[in-house]
Amino acid sequence: MSEADRSAGTPGIDVDIQLKFRILAAVLMLSAMPPAWAIDPLYQPQMERLAEIMGSLYFLQPLCEAGTTDWRGQIDDLINLDDPDEDRRQRLAGAFNGGYTAFARFHRACTPAAKEALTRLLAEAERVARDIHTRFAE
């Protein structure tokens, strides 16, 4: 056993092997760490709520024959204007789909409750969109 091996404190293991082991351990630790997530803009919660509302409107509007706005096209344009990363894009699309599904589960015909929901959702969408624009537009 060489003097370097004895001074390293591990009998019988070459210093080169110890160094390689430490480097390998560090690489393994770093590769096991979750990827860093991008920081969402401050308006992300409002955007997700707006997307959810628009998904609900996309279902309710044709059900109640209450207009011809293409809510799916509107959210697509809005997402493209915002130019989010893939994670945010998926969350916004998921919120839209969740809003659609929430009303599709329970409404098969235009009822007074569906009409009331449509009216309230339109008002909330206007409020949320105005809030996003007022607080975060350049």
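Sequence positions, counted from 1, serve as the residue numbers for this chain.
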What pair of heavy atoms forms the shortest contact from Ile132 to Tyr43, and how long is it? CG2-CB, 4.5 Å
Heavy atoms of Gln74 and Thr69 approach each other most closely as CG-CG2, 4.1 Å
I want to check something: taking the side chain as every heavy atom from C-beta on, are Leu118 and Lys115 in contact at a cut-off of under 4.5 Å? no
Between Phe103 and Phe59, is the ring pair (Phe, Tyr, Trp, His ring centres under 6.0 Å) condition met? List the steps. CA-CA 7 Å; Phe103 281 90; Phe59 177 80; 7.4 Å; no
Is the closest side-chain heavy-atom distance between Leu50 and Leu78 below 4.5 Å? yes
Kindly compute the distance separating CZ (Phe96) from OG1 (Thr101), expressed to the nearest 0.5 Å. 10.0 Å
Are any side-chain N or O atoms of Asp131 and backbone N or O atoms of Arg127, one a donor and one an acceptor, separated by less than 3.5 Å? no
If you measure from CD on Gln44 to CZ on Arg91, what distance do you get to the nearest 0.5 Å? 4.5 Å
Nearest heavy-atom neighbours spanning Arg89 and Ile79: NH1-CG2, 3.3 Å
Report, as yes or no, whether the 6.0 Å neighbourhood of atom CD on Glu65 holds more than 12 heavy atoms from other residues, nucleotides or ligands. no
Does Leu81 CG have over 12 foreign heavy atoms under 6.0 Å away? yes
So how far is it from Asp87 CG to Gln90 CD, rounded to the nearest 0.5 Å? 8.0 Å
Return the CE to CE distance between Met54 and Met47, rounded to the nearest 0.5 Å. 9.0 Å
When rounded to the nearest 0.5 Å, the distance separating NE2 of His107 from OG of Ser56 is 9.0 Å
For Thr68 and Gln61, the nearest pair of non-hydrogen atoms, with its separation, is N-NE2, 3.5 Å
Over all atoms of both residues, closest heavy-atom pair of Ala114 and Leu60: CB-CD2, 4.0 Å
For the student: nearest non-hydrogen atoms of Gln46 and Leu42, plus distance: OE1-O, 3.5 Å
Just how far is it from atom CG of Leu92 to atom CD of Glu52, taken to the nearest 0.5 Å? 11.5 Å
